[in-house]
Amino acid sequence: MEDLRKLKREMVRQAVRENVELLEGRPPSALRRARPLRRLAGAAALVVVPLAVFASVNAIGHAPSAGPEVVVVPVRPGATPEPSLESVPWPRPRTIDPTVFRLSVGTVVIDPGHGGSDPGARTEDGLSEKSVTLDVALRLKALLEGASYRVVLTRDADRQVPLRERARVARESGGDLFVSIHVNSIPRPDGGGVETYYLGPTDDPAVRELAGSENLGSGYSLADFRSLLESVYVDVRQSESRRLAGAVQERLVSALRPVEPALADRGVKSAPFVVLIASEMPAVLAEVSSISNGEEARRLAEPAHRQRIAEALAKGLTDFAERVGRSGRG
Amino acid sequence: MTAKGKDVLHVGIDLGTSRSSISASSGERHVVDSYVGWPVDMVARKVVKKPILFGREALENRPMLDLHRPLERGLIKEGSEKDEAAVRELLKHLITMAGGGEGKKVQAVIGVPAEAMRVSRQHLRTAVKGVADALMIVSEPFAVAYGLDALLHTMIIDIGAGTTDFCVMNGRYPTDDDQRTLTHAGDSVDDQLMLLVRTRHPEARFTVHMVREWKERKSFVGEPPQPVVVTIPVKGKPTEIDITAEMKKACESLVGPLAETMLDLLSRVDPEYQERVRNNVILAGGGSQIPGLAAALERALGEVGGGRVRAVDDPVFVGSNGGLAVALDAPEGDWEMLPG
Ligand SMILES: Nc1ncnc2c1ncn2[C@@H]1O[C@H](COP(=O)(O)OP(=O)(O)O)[C@@H](O)[C@H]1O
Ligand SMILES: [Zn+2]
């Protein structure tokens, strides 16, 4: 196969030439339109050819800037798939921001639930979830700052902040942990207790309902929501978040039980809360009491009790933060 | 020390969006998923015990890493120093695995997606600086053609993850006129399949990684070789779901665009040689392994007089083997013009 050998020699020569052009910062010949094949040149001409070609090209004044041909041809598939791919944003394997999983905790983002025209759950005599969550959040902030953590609040006044905005604040503040504070309302006689959520799917219809009410007005479409969830199921943030939830729940129960012996420990659960998905850091949502339970609602009205809750949250968060720091150092 | 005194190791590298492989003159061959990750901080570094991780290992440790897939969509991202560094590290890693260490003079031919060649070759050349003693960049379909001795009257269709590259070989080094790139490729099949299954089973929980795995095990075009049944958690319970129809539809989403582009490129071939090219269509890349795809494209050729489409035997190394063949065939004098 003498012909094949010749052909290969010529191809290699052209590959080399293109690469030499590239090294010299010239536009490679293959980006210009095809030219008739030059006659095979002797090996001795190797070095001369590329330079000569360019000298002549430039002399004639062919601007090498003649843009490359458009090679990406958008071709429509025979039948348009229904539903259209464009309508749903897809989670791609993505580059993960290192700050998401920073192993030492410096910044804690506190998210007081509800606010402004959204009061959250309420008692008949006017105690609303939004004021309890803000008060507890401000107390928690002071405690954490006292322990040298940087603290970012998603709201620091009685105003309405969309969930999407809260998540953005959390992400952009470079937070290491995220805790969303809520107060439950369980529409059953004696329904009460504390529970802490981390992000995940749920089978429990009651939890689904709660997630639905906490997600209301999130500014996320169902499609966004699905793809956000999708990106979370593959990430390890879920297990970090579960550990964080465990630490918080344990501290809440052990701090509140002494004053409310009947307090129900509703445990650690997973649920698809929007703020937990979009915050992109280990994140939990604590329902720190239940406003629908008479005894608990009465307690929530006492500043000392809210301080107790804030202290429990602070201990839970620092337990987790210290454990992470230790396991990293070990 | 003069370079002459060193042993020369020739290598061909297929730098892919999803997988990269190397073939060396020593006989070594290696393949790695195209992921590169750096520990995010000192603590992470102590945990993973390495300054840099590659492939599967990088993917598995991603919570602790700054993870990069540097050639997403067939292109090196402009202006991303980290992606450039990732390309460089990936290449160095492959070369080290292939035995290119101290005392070896490494001469490398690197095959890259045609789109990267077209859009960011200058950028790419800068990025790969220093990974070998001498190096050359070629387009991946060219490397495939060269390795198969398919340089005359053939068409290469390289179906990768991010792009499908078409290249007609007509006895000249391929120019833009001889090439096309489509984004209908492995990833777009994954997207389709995900959408279709999710539309029919909104409660099912699965990830794009799972979808890709189903495809790699059960893909087909045309008649299903067997029902495609997968196990997916639905409301927390593992549930068997038949996705035969979805798999078919997702895989067949490639056929229309690929056939159309193939016929378009063919129509630009000198009429004297069209029949020969029609009978020499070669599928390469991971997507070439979809059963029934070659036959479907062959049917499309039926409209214009018939032809033959076949898939390469070794889609993983065909490109790097081709690069190695170029490296071995390049005269020593040429290598001296191509410093790493
Ligand atoms: N047996 C298979 N059937 C269908 N698709 C496959 C199979 N094996 C690999 N692939 C797909 O091929 C693509 C990777 O091909 P490859 O040539 O390695 O791409 P790249 O060069 O872009 O890295 C991926 O989308 C992968 O899922
Ligand atoms: Zn609430």
Side-chain angles (χ1 to χ4, degrees), chain A residues 4 7-16 18-20 22-23 25 28-35 37 43 46-47 68-69 71-79 81 83 85 88 90-93 95-96 98-104 201 203 226 230 233-237 240 325 328-329, chain B residues 40-41 43-44 46-47 62-64 66-69 114-115 118 121-122 125 136-138 142 146 149 151-152 171-184 191-192 194-196 198-199 205 207-209 235-236 249 253 256-257 260-261 264 326 329-331 333-334 337-339:
Chain A
L4 179 63
L7 199 52
K8 290 179 97 167
R9 225 181 297 135
E10 174 64 9
M11 296 264 175
V12 169
R13 181 171 16 251
Q14 291 188 37
V16 169
E18 245 197 41
N19 276 272
V20 169
L22 201 52
L23 275 177
S29 3
L31 284 191
R32 297 191 301 271
R33 307 212 41 128
R35 275 170 282 126
L37 247 194
L46 259 181
V47 187
E69 293 282 279
V71 216
V72 179
V73 184
V75 175
R76 218 166 289 289
L85 268 180
V88 183
W90 290 106
R92 302 222 58 87
T95 308
I96 294 171
T99 58
V100 170
F101 295 107
R102 201 183 297 293
L103 286 182
S104 57
D203 285 342
R226 286 231 180 94
E230 188 61 50
Y233 288 133
V234 296
D235 86 30
V236 197
R237 191 152 53 92
E240 292 284 295
R329 256 175 260 127
Chain B
V40 290
D41 59 16
V43 178
K46 278 184 186 151
V47 176
R62 67 176 171 270
M64 277 170 285
D66 178 11
L67 191 70
H68 292 253
R69 194 193 192 200
E115 189 66 357
R118 193 178 72 81
R121 72 169 66 199
Q122 197 67 53
R125 190 65 177 80
M136 234 193 283
I137 299 177
V138 299
F142 169 72
Y146 196 93
D149 287 345
L151 301 176
L152 204 53
R172 71 178 180 211
Y173 194 69
T175 68
D176 268 8
D177 286 353
D178 305 321
Q179 303 190 63
R180 292 279 189 283
T181 294
L182 293 184
T183 52
H184 297 263
D191 289 350
Q192 272 288 357
M194 183 136 174
L195 177 65
L196 292 169
R198 187 168 298 147
T199 305
R205 291 275 155 250
T207 66
V208 72
H209 302 277
K235 299 187 186 174
K249 194 162 180 191
S253 71
E260 195 172 317
T261 304
D264 176 50
V326 174
D329 288 351
D334 285 12
M337 297 189 288
L338 300 166

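Letters A, B, ... mirror the listed sequences (proteins, then strands); counts begin at 1.
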*Asks:* Do B/P339 and A/L23 touch side chain to side chain, with heavy atoms closer than 4.5 Å?
*Replies:*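 A side-chain contact under 4.5 Å exists here.
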*Asks:* Look up atom OH in B/Y173 and atom CD in A/E18, then write down how far apart they are to the nearest 0.5 Å.
*Replies:* 4.5 Å
*Asks:* Do B/D149 and A/K8 have side-chain heavy atoms sitting under 4.5 Å apart?
*Replies:* yes
*Asks:* Let me confirm one number: the CG-CZ distance from A/N19 to B/R125, rounded to the nearest 0.5 Å.
*Replies:* 6.0 Å
*Asks:* Heavy atoms only: give me the nearest A/A15-B/V138 pair and the separation to one decimal.
*Replies:* CB-CG1, 4.1 Å
*Asks:* Where is the tightest heavy-atom contact between A/V12 and B/P331, given as atom of each residue plus distance?
*Replies:*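 Distance-wise, the nearest heavy atoms are CG1-CD, 4.4 Å.
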